[in-house]
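Here the structure is laid out as structure tokens; the discussion comes afterwards.
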Amino acid sequence: MESQKPAAKPAAKKEEKISNVRGIRSAFAVICLCFVVALCVFIFVLGNPNNFEGGDTANHPLNLLGTIYHGGFIVPILQTLFLTVIVLFVERWIAISSAQGKGNTSKFVADIKGFLAKNEIDKAMARCKDQKGSVASVVYNTLVKYKEMDANTQLSKEQKLTTLRNEVEEATALEMPSLTQNLPVVASLTTLGTLVGLLGTVMGMIKSFQALATSGSPDSTALSAGISEALVNTAFGIATGALAVITYNFYTNKIDNLTYAIDEIGFSIVATFAATH
């Protein structure tokens with residue numbers, strides 16, 4: 001019975017596999033907060049009477065802030081989307097930075113491969129604790145399983161190799177959701193921001209053509225208001241879509257680099273075990 005106690009330790013290690021990647025869990029809360037901020041900016045900053053002739057928001061704007069205000073009710077919606085992209089950009093920066101851990105990931109991979117070549121598993125595990133981050137977490141959990149398989153005398157070599165491969169896949173699957181969290185929202189904003197901006201553009205042009213269609217001389221105030229609404233919404237829509245595309249591609253590339261590092265070390269661990277057992 002006592003010989004079964006060491007076998008219970010790996011199970012305890014398995015329960016400790018919790019991703020330490022920091023990040024905002026609810027993108028909906030971010031959107032709601034950004035909407036409140038955008039609405040306050042639209043009403044109290046853009047809609048400030050000092051931005052318009054005679055202190056009346058219905059009059060001609062005196063500056064760019066007043067022009068943006070005349071963009072209409074779609075402006076705070078576009079501002080919400082734009083602010084959401086900015087917040088999620090910062091949030092993913094913090095999350096990916098914590099996932100990368102301390103120091104250079106490439107150097108960490110080289111160090112681990114060096115320890116594996118010398119069969120210094122304990123030093124490799126200590127290096128993982130020092131590095132921290134997602135890659136180090138996956139490697140550490142795999143090395144724990146490595147030592148367990150090394151001490152196991154019941155399983156065949158092929159079964160041990162399969163167990164190690166499964167450990168790498170399981171540990172990677174645990175980290176990936178934390179790395180890619182909120183990126184689907186950013187991907188949606190690449191299209192949504194452009195479409196909402198296009199909607200504002202169409203509505204502004206409708207107002208402009210309505211001003212041109214009036215009998216007699218066109219209403220210049222209504223005409224300029226429609227054009228400003230169209231151009232402001234176009235600008236916000238393009239800015240939101242462009243920033244969202246940059247954010248998504250930037251962090252997708254970083255996540256791919258982390259995934260490649262995990263795959264490289266995972267292959268090295270399995271290859272080392274196969275060569276030394």
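Residue numbers start at 1 and run along the sequence shown.
Summarising the geometry of P61 relative to G66, their closest heavy-atom pair is CB-C, 3.4 Å, with the distance given to 0.1 Å. In this structure, Y251 and L183 approach most closely via the heavy-atom pair CB-CD2, 4.1 Å. Nearest heavy-atom pair across L143 and C128 is CD1-SG, 4.3 Å. Closest approach of T247 to F89, counting heavy atoms only: OG1-CD1, 3.3 Å. For the residue pair T240 and G193, the shortest heavy atom distance occurs at CG2-CA, 4.0 Å. Of all the heavy atoms in M176 and I255, the pair that sits closest is CE-CG2, 3.7 Å.
Separation of atoms CD1 (I43) and OG1 (T57) is listed at 11.5 Å; rounding is to 0.5 Å. Atom CG of N257 sits about 5.0 Å away from atom CG of N253, to the nearest 0.5 Å. Distance check, rounded to the nearest 0.5 Å: CG of N249 to NZ of K254 gives 13.5 Å. Rounding to the nearest 0.5 angstrom, the gap separating the CG atom in L88 from the CG atom in L189 is 7.0 Å. Distance CG/L179 to OG/S134: 4.5 Å, rounded to 0.5 Å. Atom CG of residue D150 and atom CG of residue L164 lie 10.0 Å apart, to the nearest 0.5 angstrom.
Between the side chain of R165 and the backbone N or O of K160, no donor-acceptor pair lies under 3.5 Å. The closest donor-acceptor contact from the side chain of T190 to the backbone of A187 lies under 3.5 Å. A donor-acceptor contact shorter than 3.5 Å is absent between the side chain of N48 and the backbone of G55. The closest donor-acceptor contact from the side chain of E167 to the backbone of K145 lies at 3.5 Å or more, if one exists at all. With hydrogens and angles disregarded, no donor-acceptor distance shorter than 3.5 Å links the side chain of S137 to the backbone of G133. Not a single donor-acceptor pair under 3.5 Å links the side chain of Q100 to the backbone N or O of S97. With hydrogens and angles ignored, the 3.5 Å screen pairs no side-chain donor or acceptor of D56 with any backbone N or O of P49.
Ring-plane geometry between W93 and F250 is classed as parallel, the angle between the planes falling under 30 degrees on a 0 to 90 degree scale with a further cut at 60.
Between H60 and F52 the shortest side-chain heavy-atom distance does not fall below 4.5 Å. Considering only heavy atoms from C-beta on, Q154 stays 4.5 Å or farther from Q159 through its side chain. You'll find the side chain of L161 reaches within 4.5 Å of the side chain of E158, heavy atoms only. Residues I265 and F108 are in side-chain contact: their nearest non-hydrogen atoms beyond the backbone lie under 4.5 Å apart. Side-chain atoms of T163 and E148, non-hydrogen and from C-beta on, never get closer than 4.5 Å to each other. Between H70 and V232, every side-chain heavy-atom pair lies at or beyond the 4.5 Å cut-off. Counting only heavy atoms from C-beta outward, the side chains of L62 and N51 never approach each other to under 4.5 Å.
In this structure, F42 has its ring center no closer than 6.0 Å to that of F73.
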Before giving the answer on side chain to side chain contact (heavy atoms under 4.5 Å, CB included), spell out for L155 and N152 the whole-Å C-alpha distance, their side-chain angles and the decisive distance to 0.1 Å. CA-CA 7 Å; L155 298 177; N152 191 301; 3.8 Å; yes
Which is it for T272 and Y146 under the side chain to side chain contact (heavy atoms under 4.5 Å, CB included) test, yes or no, and what are the steps along the way? CA-CA 10 Å; T272 299; Y146 184 103; 3.8 Å; yes
L192 and L81: CA distance, side-chain angles, deciding distance, side chain to side chain contact (heavy atoms under 4.5 Å, CB included) verdict: CA-CA 8 Å; L192 185 60; L81 301 180; 4.1 Å; yes
Test side chain to side chain contact (heavy atoms under 4.5 Å, CB included) on F115 and I121 and set out the steps. CA-CA 7 Å; F115 289 133; I121 305 303; over 6 Å; no
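Both F82 and V45 are part of a single hydrophobic cluster, where members link through side-chain heavy atoms under 4.5 Å apart. At a threshold of 4.5 Å between side-chain heavy atoms, the hydrophobic network of Ile, Leu, Val, Met, Phe, Trp and Tyr places V75 and L64 in one connected group. No continuous path of ILVMFWY side-chain contacts below 4.5 Å connects I31 to V87, so the two sit in separate hydrophobic clusters. Linking Ile, Leu, Val, Met, Phe, Trp and Tyr residues whenever their side-chain heavy atoms come within less than 4.5 Å leaves V186 and I238 in two separate clusters. Both V196 and V37 belong to a single network of hydrophobic side chains, linked directly or stepwise wherever heavy atoms of I, L, V, M, F, W or Y lie under 4.5 Å apart.
With respect to V138, the side-chain contact (heavy atoms from CB on, under 4.5 Å) criterion is satisfied by exactly one of T142, N141, V135: T142.
A donor and an acceptor atom, one from each side chain of N182 and E91, are located under 3.5 Å apart.
Salt-bridge annotation for D111 and K123: absent, with no side-chain N of the basic residue lying under 4.0 Å from a carboxylate O of the acidic one.
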